[in-house]
Structures are given as structure tokens and as C-alpha cells.
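Note: hydrogens, waters and symmetry copies are ignored here, and every other heavy atom, side chains too, is used.
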Amino acid sequence: MAVHRMDHVGVVVEDLAAAVAFFVELGLEVEGEAAVEGEWVDRLLGLDGVRADLAVVRTPDGHGRVELSTFHTPVATGTAPRAPMNTPGIPRLTFSVDAVDHVLGRLRPLGAELVGGVAQYGDVYRYCYVRGPDGIVIGLVEDLR
């Protein structure tokens, strides 16, 4: 059996409301929200006593989804540091946008910080990375063609 499609990307955040607001300002739409707990989620995650809230946001075309979750229990035993971009395992989510500068202007009031700078690759695209809530790295790509 082959892979049919990528279903979603999951990101754990400390402040779910702030993360949802960030992605909505980016242009994604809230698909749904839920609270989860019980044996099924404990089994799925390999943890005991899970109690979490989550929200799913999707791209306007309906093809890309991000699951944002925050855990009330159990307490996390480690943290994902704000590591440099070349650290193995650091996740990045990249979105195609109409205008990088415009999106940056909308996201900065919500705490977005440029990782480096806005770079242009020939006449093909403008690209940058920002850190959003809880250090989530978001790529913004503006197609110039």
C-alpha cells in the first residue's frame, strides 16, 4: 500500500490560544478544537494520564493541516530548545504566501521574529523563516514567477 497523502503536522505548544491566533493571522482557518483524555490517547502517545487540548488549522485550499496541542498532564520531562536552524530534527513548516513583507508585518505583533533575513533567490522567489509561538519555525515563500 502506498501513502495517499500527508494528513497533518502536529506541534505541541504552551499557549494554544496564542498559537491558534498566530496561524489564523497567517491565513489558516480553524477546522476544529477538542479536549482529549482517556485510555485511547494514553495508548496512542505512550503516556499515562494524558489530558490535552488541541486545535486543527488548515490552509485555505484545504490540503494542509496543522494540529496544535497543549498538554495539561502529564508534565513534560524535556524541552525542545530554540536551536539553530541546522540542528538535526528541528521542524519547519513552510507556507506559500502572496507577499512576504505583508505577512511579516501582520505576524510581528503576535511575536514573530525573523530567524535570519528575507532572502531572494534570483527571479524565482523571496523566502524567510520566522519563529512563532513556542519557537515554531515557519517558512514564508513568495513566488515571483
Of all heavy-atom pairs between [X] and [Y], which one has the smallest distance, and what is that distance?
X: Val20; Y: Ala55; answer: CG2-CB, 3.6 Å
X: Gly27; Y: Pro60; answer: O-CG, 3.4 Å
X: Pro133; Y: Ala18; answer: CG-O, 4.0 Å
X: Cys128; Y: Val100; answer: SG-CG1, 3.7 Å

Separation of Asp101 CG from Glu142 CD (nearest 0.5 Å)
7.0 Å

In Å, rounded to the nearest 0.5 Å, how long is the span from CG of Leu54 to CG of Leu16?
7.5 Å

Starting from [Y], can I reach [X] by hopping between I/L/V/M/F/W/Y residues whose side chains sit under 4.5 Å apart?
X: Val103; Y: Leu110; result: yes
X: Val24; Y: Val9; result: yes
X: Val30; Y: Leu93; result: yes

Between [Y] and [X], is there a side-chain heavy-atom distance shorter than 4.5 Å?
X: Ile138; Y: Phe22; answer: yes
X: Arg145; Y: Val124; answer: yes
X: Phe23; Y: Val11; answer: no

My understanding is that only residues two or more places apart in sequence, or in another chain, count here; which of them pass ring pair (Phe, Tyr, Trp, His ring centres under 6.0 Å) with Phe71?
none

Partners meeting side-chain contact (heavy atoms from CB on, under 4.5 Å) with [X] (sequence neighbours left out):
X: Asp61; value: Thr59, His63
X: Arg65; value: Asp7, His8, Glu31, Val56, Arg58
X: Arg108; value: Leu104, Leu114

Any donor-acceptor N/O pair, Thr70 side chain to Asp15 backbone, under 3.5 Å
no

Intermediate values then yes/no, side chain to side chain contact (heavy atoms under 4.5 Å, CB included), Leu28 and Phe95:
CA-CA 10 Å; Leu28 280 71; Phe95 297 93; 3.9 Å; yes

With a 3.5 Å cut-off and sequence neighbours excluded, list the donor-acceptor pairs that the side chains of residues 33-42 form with protein atoms.
from: Trp40; atom 1: NE1; to: Glu37; atom 2: O; distance (Å): 3.4
from: Asp42; atom 1: OD1; to: Gly49; atom 2: N; distance (Å): 3.4
from: Asp42; atom 1: OD1; to: Val50; atom 2: N; distance (Å): 2.9
from: Asp42; atom 1: OD2; to: Gly49; atom 2: N; distance (Å): 3.1

Hey, can you pull the donor-acceptor pairs under 3.5 Å for the side chains in residues 115-122, sequence neighbours left out?
from: Gln120; atom 1: NE2; to: Gly122; atom 2: O; distance (Å): 3.0

May I ask you to decide if the ring planes of Tyr127 and Tyr125 are parallel, tilted or perpendicular, using 30° and 60° as cut-offs?
perpendicular

